[in-house]
Novice: 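If you scroll down you'll find the structure; I have some questions about it.
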Amino acid sequence: MTHIILGEQVRMPVEVRSASACSALFTSPVDAARGLLSHTGLEPVRTVRGRALCSLAFVRYTDGDLGPYHEFALALLARLPGERKSVGAYIHWLPVNQGFTLQAGRSIWGFPKELADIDIRFTGRAHVCVVRKDGQLVLALRVRRGLPVPPGTGGTSVDAYTHQDGVLRRTPWRMRPARVRARPGGARLLLGDHPAADPLRALRLSRSALTTSEIGILRMTFDDAREIG
């Protein structure tokens, strides 16, 4: 299938040939996560300790069908009620710093993309992402470097859930990572005064991350979204 975005053809599946990323996995009280999911029809997936899982990630795209850009992602592990095999990542917020990927993301998949200033720095012992909107700080996430993960252990396929204009969508998403590093903990999150940070405050995230990871080379494929219900 082909989509027309700002006068350009985007053929499916969309390929990301080169990117780099960092992520931090936090826990959240289930009632807080449920509040963020209440309008979607999804429910949070619980850990063995009865808490929900929240992922914060930032990605620097260097070569892909939607061009080069920076992105930050707030996602919750969620599923359809009563369907154990429906676990996926619900993408709640997805700021980017380029207009073409914003239009493509919203039009093709219903991704909640919006424009923001996103500064990503991969240097030294830590990688830092700073997100600003309207000249105000939304958040700063610092991820310390971990230990190398053996090659071939990080590939995965996951469904990405989105909810836009009352429609729940599910997008098959395949990742092929290389040069992966990981560690327990290792993240520091600072929330700013911009209202865009309020959903993160409402999640009441754990002070420490469960794990953090760094992907030096990331390739991804996104298929067309499927409407649910």
Side-chain angles (χ1 to χ4, degrees), residues 21-47 49-59 69-81 86-98 101-102 105-106 109-120 128-143 158-171 173 187-213 225 228:
C22 286
S23 65
L25 187 64
F26 293 86
T27 65
S28 168
V30 169
D31 63 330
R34 190 177 289 119
L36 212 64
L37 292 167
S38 60
H39 66 295
T40 68
L42 298 169
E43 64 180 16
V45 174
R46 300 188 184 207
T47 68
R49 296 187 177 182
R51 290 175 65 87
L53 290 173
C54 174
S55 172
L56 303 182
F58 50 91
V59 186
Y69 62 97
H70 291 177
E71 178 179 88
F72 184 88
L74 162 58
L76 288 170
L77 196 65
R79 66 184 176 192
L80 297 168
S86 65
V87 174
Y90 166 66
I91 312 299
H92 181 75
W93 187 51
L94 199 65
V96 294
N97 68 345
Q98 297 295 330
T101 186
L102 182 149
R106 296 186 69 88
W109 302 285
F111 282 133
K113 293 190 175 186
E114 59 183 65
L115 284 178
D117 295 320
I118 305 175
D119 182 23
I120 296 176
V128 180
C129 176
V130 179
V131 181
R132 293 183 175 89
K133 285 182 64 68
D134 310 316
Q136 288 183 275
L137 177 67
V138 179
L139 63 86
L141 178 61
R142 181 178 184 268
V143 174
V158 66
D159 286 343
Y161 288 108
T162 60
H163 191 271
Q164 179 179 257
D165 300 327
V167 178
L168 181 64
R169 295 176 175 85
R170 187 173 179 172
T171 298
W173 170 23
R188 186 171 68 184
L189 175 65
L190 172 67
L191 298 181
D193 295 330
H194 194 280
D198 290 347
L200 274 165
R201 287 193 185 87
L203 280 172
R204 311 198 308 273
L205 298 178
S206 53
R207 287 189 177 183
S208 300
L210 290 178
T211 61
T212 51
S213 65
I228 299 173

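What's counted below: heavy atoms across the whole structure, side chains too, no hydrogens, waters or symmetry copies. These numbers come from a predicted model, not from an experiment.
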Novice: Evaluate the side-chain proximity of L74 to L200: yes if any heavy-atom separation is below 4.5 Å, no if none is.
Specialist: yes
Novice: Does the side chain of L56 reach to within under 4.5 Å of the side chain of L189, using non-hydrogen atoms?
Specialist: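 Touching, per the 4.5 Å side-chain cut-off.
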Novice: Is it the case that atom CG in D31 sees more than 12 heavy atoms from other parts of the structure closer than 6.0 Å?
Specialist: yes
Novice: Kindly give the heavy-atom pair with the smallest separation between V30 and A52, and that separation in Å.
Specialist: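 Smallest interatomic distance, heavy atoms only, reads CG2-N, 3.9 Å.
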Novice: Does the side chain of L115 come within less than 4.5 Å of N97's, by heavy atoms?
Specialist: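 No; the side chains remain at least 4.5 Å from each other.
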Novice: Do R51 and T27 have side-chain N/O donor and acceptor atoms under 3.5 Å apart?
Specialist: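 Per modelled atom types, R51 and T27 side chains form a pair under 3.5 Å.
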Novice: Could you walk me through whether L76 and L203 pass side chain to side chain contact (heavy atoms under 4.5 Å, CB included), step by step?
Specialist: CA-CA 10 Å; L76 288 170; L203 280 172; 4.2 Å; yes
Novice: So R142 and C129, side chain to side chain contact (heavy atoms under 4.5 Å, CB included) or not? Walk me through it.
Specialist: CA-CA 7 Å; R142 181 178 184 268; C129 176; over 6 Å; no
Novice: What orientation do H39 and H92 show, parallel under 30°, tilted 30 to 60°, or perpendicular over 60°?
Specialist: perpendicular
Novice: Looking at E43 and R79, does any basic side-chain N land under 4.0 Å from a carboxylate oxygen?
Specialist: yes
Novice: Which heavy atom of P95 sits nearest to which heavy atom of I118, and what is that distance?
Specialist: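 Minimum heavy-atom separation between P95 and I118: O-CD1, 3.3 Å.
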Novice: Does CZ in R201 sit with more than 12 non-hydrogen atoms of other residues, nucleotides or ligands closer than 6.0 Å?
Specialist: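 Yes.
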Novice: Does K113 reach the side chain of T101, with side-chain heavy atoms less than 4.5 Å apart?
Specialist: yes
Novice: Do W93 and V138 have side chains that get closer than 4.5 Å, going by heavy atoms?
Specialist: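 Side-chain contact under 4.5 Å: yes.
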Novice: Could you check whether atom CZ of R188 has more than 12 heavy atoms from other residues, nucleotides or ligands sitting under 6.0 Å from it?
Specialist: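 Check fails, neighbour count at 12 or below.
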Novice: Would you indicate whether the side-chain heavy atoms of D159 and W173 approach each other to under 4.5 Å?
Specialist: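 A side-chain contact is absent here, since even the closest heavy-atom pair is not under 4.5 Å.
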Novice: Would you name the heavy atoms of S28 and A33 that are closest together and state the gap between them?
Specialist: OG-N, 4.0 Å
Novice: The test is side chain to side chain contact (heavy atoms under 4.5 Å, CB included); show your working for Y90 and L37 and say whether it passes.
Specialist: CA-CA 8 Å; Y90 166 66; L37 292 167; 3.3 Å; yes
Novice: Is there a side chain to side chain contact (heavy atoms under 4.5 Å, CB included) between V143 and L141 once you walk through the steps?
Specialist: CA-CA 7 Å; V143 174; L141 178 61; 4.1 Å; yes
Novice: Answer yes or no: is there a side-chain heavy-atom contact under 4.5 Å between L25 and C54?
Specialist: no
Novice: Would you name the heavy atoms of L80 and S86 that are closest together and state the gap between them?
Specialist: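 That would be N-OG, 2.9 Å.
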Novice: Going by distance alone, is a donor N or O of one side chain under 3.5 Å from an acceptor N or O of the other, for S23 and S213?
Specialist: yes
Novice: How close do F111 and Q164 get, counting heavy atoms only, and between which atoms?
Specialist: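 Answer, listing the atom of F111 first, then Q164: O-OE1, 4.4 Å.
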Novice: Are any of the side-chain heavy atoms of H163 and R169 separated by less than 4.5 Å?
Specialist: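 H163 vs R169: side chains apart.
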Novice: Is the shortest side-chain N to carboxylate O distance from K133 to E114 below 4.0 Å?
Specialist: yes
